[in-house]
Amino acid sequence: MTAPLPGGTPLLELRGVSAGYGPYRALFDVSLEVAEASTVALLGPNGAGKTTVARLCSGLVRPTSGRVVFAGAEITGLPPWRIARAGVSHAPEGRSVFASLTVEENLALELASLGRRGMASALARAYDLFPQLSGRRRQLAGTLSGGEQRMLMLARVLAHPPRLLVVDELSLGLAPVVLEQVYATLHTVRDAGTSMLVIEQHASHALALADRVVVLDKGTVMYAGPTAELGDLRTRFLG
Ligand code: ATP
C-alpha cells in the first residue's frame with residue numbers, strides 16, 4: 001500500500017512547463033495539477049499540446065523549462081522506466097500491442113516483475129476488467145479487432161493498478177458500443193481509487209468521468225477548474 005500524501009500535496013504537478021520538439025515549441029508555461037483520487041480531463045482542439053503533456057508525465061518528452069512533480073518528488077527529466085516504477089502508467093494513443101504475441105503473453109510481458117503469485121492476481125484483475133479478453137488468452141493480439149486491441153492495451157496498464165493513469169485519446173476510432181464499454185471500465189477503475197488524467201478531443205465521455213477539467217489551446221492553458229464551471233469554453237473550444 002502507498003501512504004497517503006500529506007494534506008494538500010497534489011499527486012501530479014506540472015509547474016510552468018515548456019516543451020517541444022527540436023526548435024518547435026508545443027507547450028508554453030503550462031501548470032496543472034491532478035489531486036490524489038481525482039480525475040482531470042485534459043481537452044482541447046487538434047495540435048493543442050495534449051499528447052505532449054501525456055508524454056511529459058511519463059518522461060517521453062523532457063521539459064525545456066519548468067518542473068514535473070509526482071507524489072511530492074521531482075520527476076523532471078527522469079527516464080520513463082523510473083517514472084513508471086514510481087506509479088505513473090501511460091496508455092498512449094492507438095493500439096500499442098505486440099501483434100505476434102498472444103493476449104496473455106502481452107499481459108505477462110508487462111507484469112514480468114511481479115513474481116508468480118503477483119502475476120496470477122494481476123492477470124485475474126485484467127480479465128475481470130475486460131471479460132472479452134478472457135476467452136481469447138491464446139489468440140494472437142494482431143488478430144484481435146481494433147476495439148479489442150485497445151482493451152488489451154488498457155488491460156496491460158491496469159492489471160497492476162497504477163497510482164496515476166494517463167490515458168490519451170481512448171475514443172479514437174472506437175465503435176460507440178466499445179467506447180461505452182471502455183469508459184465504463186474507467187469509471188470502475190476511478191471508483192476503486194486510481195487517479196487519472198484523461199486526454200480527449202471529443203469531450204463528453206471524459207467530462208462525465210472528471211472532477212476537474214483543463215483546456216489547452218495552442219500550447220497554453222485556457223481554463224483550469226471544476227467541470228461544472230466550464231461554461232462558454234465548452235462550445236468555444238470543444239465543439
Ligand atoms: P491531437 O489531438 O491532434 O493529437 P494534441 O493536442 O495531442 O493534438 P500534440 O500531439 O501534443 O497535440 O502536438 C502539439 C504540437 O506539437 C503540434 O503542432 C504537433 O504538430 C507538434 N508535434 C507533436 N509531436 C511532434 C513530433 N514528434 N515532432 C515534431 N512536432 C511534433
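Just follow the structure's listing: the first ligand is 1, and inside any ligand the first atom is 1. Given the structure is predicted, the values throughout are model-derived calculations rather than measurements.
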Just need the protein heavy atom nearest to atom 2 (O) of ligand 1, so name the residue and atom and give the distance.
-> K50 NZ, 2.9 Å

Top protein contact for atom 3 (O) of ligand 1, by heavy-atom distance = N46 ND2, 2.7 Å

Going by distance alone, is a donor N or O of one side chain under 3.5 Å from an acceptor N or O of the other, for Y21 and T52?
-> yes

The protein heavy atom nearest to atom 15 (C) of ligand 1 is Y24 CE2, 3.6 Å

Taking atom 4 (O) of ligand 1 as the reference point, the nearest protein heavy atom with its distance | T51 OG1, 3.9 Å

When rounded to the nearest 0.5 angstrom, what is the spacing between CG in L11 and CD in E13?
-> 10.0 Å

With a cut-off of 4.0 Å, which atoms of ligand 1 are near a heavy atom of E169?
-> 2 (O)

In this structure, atom 8 (O) of ligand 1 is nearest to the protein heavy atom G47 N, 2.8 Å

Nearest-contact summary for atom 27 (N) of ligand 1 - protein heavy atom, Å = Y21 CD2, 3.6 Å

Can you tell me which residue and heavy atom of the protein come closest to atom 11 (O) of ligand 1, and the distance to 0.1 Å?
-> T52 OG1, 2.5 Å

In ligand 1, the atoms that come under 4.0 Å of a heavy atom of R55 are 24 (N)

I would like to know whether R25 and S18 meet side-chain hydrogen bond (donor to acceptor under 3.5 Å, both in side chains); could you show each step before the answer?
-> CA-CA 7 Å; R25 268 181 92 187; S18 297; 3.0 Å; yes

Any idea which atoms of ligand 1 are less than 4.0 Å away from a heavy-atom of G49?
-> 5 (P), 6 (O), 9 (P), 11 (O), 12 (O), 14 (C)

Could you list the atoms of ligand 1 found under 4.0 angstrom from a heavy atom of A48?
-> 5 (P), 6 (O), 12 (O)

Evaluate whether atom CZ of R137 has more than 12 neighbouring non-hydrogen atoms of other residues, nucleotides or ligands under 6.0 angstrom away.
-> yes

Using a cut-off of 6.0 Å, state whether more than 12 heavy atoms not belonging to R82 lie near its atom CZ.
-> no

Tested for side-chain hydrogen bond (donor to acceptor under 3.5 Å, both in side chains) against Y127, the lone hit among Q132, E104, R136 is E104

Is there at least one protein heavy-atom neighbour under 4.0 Å from atom 20 (O) of ligand 1?
-> no

Any chance you could measure Q181, atom CD, to F130, atom CZ, to the nearest 0.5 Å?
-> 8.5 Å

Could you walk me through whether E36 and R163 pass the salt bridge (Lys or Arg N to Asp or Glu O under 4.0 Å) test, one step at a time?
-> CA-CA 9 Å; E36 205 169 25; R163 207 158 171 200; 3.1 Å; yes

Value for CG (L133) from CG (L123), rounded to nearest 0.5 Å, stands at 11.0 Å

Quick one: which ligand 1 atoms are inside 4.0 Å of a heavy atom on P45?
-> 6 (O)

